[in-house]
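Below, all heavy atoms of this structure are taken into account, side chains as well, without hydrogens, waters or symmetry copies.
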Amino acid sequence: MYGKLISTQGNVVKIQLDEELDINKLIKFANGKQPTVELLVDDGRHITPDQRKKIYALLGDYCLYTGYSLDEAKSFFKSMVADFFHTEMFSLSDCSETVASQMITTMLEFFFFEDIPFHTKIWDSLSDDFPRVMMCIKTKRCAICLKEHADIHHVTAVGMGRNRNKINHVGMYIEPLCRVHHTIFHTIGAKNFMAKYHIKPIKVTPEIAKELHLGKQKSEELKNAE
C-alpha cells in the first residue's frame, strides 16, 4: 500500500494513503494483535544507466550459462530481490538506485554460491568493498582474481610465533587472497597493494569472527560443543 507523507511531529507520522484502509481487515490479518507498519520512504533517486548496464550484463551471463530467456532471468532475480528485501515488484526502467544495487548484489551472491561464471568486472558491480570482500571470504575466492581456495590474509600482522587459531582476531583487518596475490602484497607492501587493486580489507567484529570461525571464537565453540 502506498501513500504520501503529509507531516511529522516527533515520532508521530501522518500519511495520506492512495486508497482507503479497511482497519477491520488489517486487524484480522494481524490475528487480532495491534497492527504494526513499516515506513519506506522513496528517496527519489532512480536506477542509473551504469547500474542498468551492469544488471543486463549479468543477466546475459546467466542466460548464456543456463539457457533461460532474458525475461525468465529477469523475473527470477526480481522475485528473489522482492522476497529477500521485502519490497514490491519493480521495473528495471524506473526502480530506485537502492533497489538496483540490491539486484546487483543479489545476482552476484547467487553467481558466487552456484559457481556461475560471469564476465562483468566485480569491482565495478558492487556498491562498496565490505560485501565484496565478505562474499569472497565466504566462498574462499581471491578478492583480486576470484581464484578459488584463497586463504584469509591478515593485513594486520599476526606476529611471529603466534598461533592464528588461538589469538583473538577481533579488531584485525583481513581479506582473502590467493598465493600469487598474497606474495605480491608482501613484495610491494600494504599501501601500494591497496592503491594498485583499489580494495579495502574488512575489520573483524565479534559477529564476523563467529561466522568465519576465527581464532578464539572457534576454540570456544569447540569447547562448548564438547
Side-chain angles (χ1 to χ4, degrees), residues 38 40 42-43 45-153 173-182 197-205 207-214:
E38 180 180 11
L40 298 175
D42 184 359
D43 57 12
R45 298 180 302 162
H46 292 89
I47 182 173
T48 67
D50 186 52
Q51 286 179 315
R52 191 178 293 108
K53 179 180 178 181
K54 292 169 185 174
I55 289 174
Y56 276 96
L58 287 169
L59 287 170
D61 289 333
Y62 179 75
C63 292
L64 183 65
Y65 182 79
T66 63
Y68 284 111
S69 69
L70 180 60
D71 286 340
E72 289 172 328
K74 281 197 295 184
S75 178
F76 174 68
F77 285 108
K78 285 165 63 177
S79 296
M80 189 181 296
V81 171
D83 289 342
F84 187 78
F85 293 98
H86 307 293
T87 63
E88 299 289 335
M89 284 300 291
F90 55 92
S91 169
L92 292 177
S93 63
D94 60 0
C95 67
S96 71
E97 193 173 334
T98 298
V99 169
S101 178
Q102 292 170 344
M103 177 90 166
I104 292 170
T105 303
T106 298
M107 292 181 71
L108 283 171
E109 287 183 349
F110 184 86
F111 282 29
F112 264 63
F113 286 100
E114 295 297 329
D115 200 25
I116 297 175
F118 58 94
H119 301 92
T120 306
K121 291 183 179 179
I122 190 170
W123 311 129
D124 297 329
S125 300
L126 288 177
S127 56
D128 54 59
D129 291 301
F130 184 83
R132 176 171 67 232
V133 175
M134 279 298 294
M135 198 183 302
C136 289
I137 287 176
K138 290 179 179 179
T139 54
K140 297 181 179 180
R141 294 175 184 261
C142 176
I144 307 301
C145 64
L146 303 184
K147 186 178 293 183
E148 295 182 350
H149 310 301
D151 295 320
I152 293 180
H153 168 65
Y173 288 85
I174 62 174
E175 60 192 2
L177 297 177
C178 65
R179 294 298 175 86
V180 172
H181 286 104
H182 195 150
Y197 294 107
H198 306 289
I199 184 174
K200 297 177 183 178
I202 64 170
K203 186 176 182 179
V204 179
T205 63
E207 293 75 22
I208 292 175
K210 181 178 181 179
E211 182 177 357
L212 301 179
H213 307 291
L214 293 176

His149 and Lys140: CA distance, side-chain angles, deciding distance, side-chain contact (heavy atoms from CB on, under 4.5 Å) verdict: CA-CA 5 Å; His149 310 301; Lys140 297 181 179 180; 5.9 Å; no
Ring geometry between Tyr62 and Tyr68 (parallel below 30°, tilted from 30 to 60°, perpendicular above 60°): parallel
Value rounded to 0.5 Å, distance of [atom1] in [X] from [atom2] in [Y]:
{"X": "His153", "Y": "Ile144", "atom1": "NE2", "atom2": "CD1", "result": "10.0 Å"}
{"X": "Met103", "Y": "Arg52", "atom1": "CE", "atom2": "CZ", "result": "11.5 Å"}
{"X": "Leu108", "Y": "Asp61", "atom1": "CG", "atom2": "CG", "result": "10.0 Å"}
{"X": "Thr139", "Y": "Glu148", "atom1": "OG1", "atom2": "CD", "result": "8.0 Å"}
{"X": "Phe77", "Y": "Phe84", "atom1": "CZ", "atom2": "CZ", "result": "14.0 Å"}
{"X": "Glu175", "Y": "His182", "atom1": "CD", "atom2": "NE2", "result": "9.0 Å"}

Worked check of ring-ring contact (aromatic ring centres under 6.0 Å, His included) between Phe110 and Phe76: CA-CA 11 Å; Phe110 184 86; Phe76 174 68; 5.5 Å; yes
Side chain of [X], backbone of [Y]: donor and acceptor closer than 3.5 Å?
{"X": "Ser75", "Y": "Asp71", "value": "no"}
{"X": "Lys78", "Y": "Ser91", "value": "no"}
{"X": "Ser101", "Y": "Glu97", "value": "no"}

Which heavy atom of [X] sits nearest a heavy atom of [Y], and at what distance?
{"X": "Leu146", "Y": "Arg141", "result": "O-NH1, 3.5 Å"}
{"X": "Cys145", "Y": "Cys178", "result": "SG-SG, 3.8 Å"}
{"X": "Thr105", "Y": "Met135", "result": "O-CE, 4.3 Å"}
{"X": "Ile55", "Y": "Met107", "result": "O-CE, 4.1 Å"}
{"X": "Ala100", "Y": "Ile47", "result": "CB-CG1, 3.6 Å"}
{"X": "Ile174", "Y": "Val133", "result": "O-CG1, 4.2 Å"}

Side-chain touch [X]/[Y], heavy atoms, less than 4.5 angstrom:
{"X": "Leu92", "Y": "Gln51", "answer": "no"}
{"X": "Asp115", "Y": "Phe113", "answer": "no"}
{"X": "Leu70", "Y": "Leu59", "answer": "yes"}
{"X": "Phe85", "Y": "Thr106", "answer": "yes"}

Residue pair His181, Lys147: steps toward the side-chain contact (heavy atoms from CB on, under 4.5 Å) verdict: CA-CA 10 Å; His181 286 104; Lys147 186 178 293 183; over 6 Å; no
Lys138 and Glu109 ion-paired at < 4.0 Å: no
CA sep, side-chain torsions, deciding dist, call: Leu58, Tyr56, side-chain contact (heavy atoms from CB on, under 4.5 Å): CA-CA 5 Å; Leu58 287 169; Tyr56 276 96; over 6 Å; no
Intermediate values then yes/no, side-chain contact (heavy atoms from CB on, under 4.5 Å), Ile202 and Ile137: CA-CA 10 Å; Ile202 64 170; Ile137 287 176; 3.9 Å; yes
Short side-chain donor-acceptor distance under 3.5 Å, Ser96 and Thr98: no
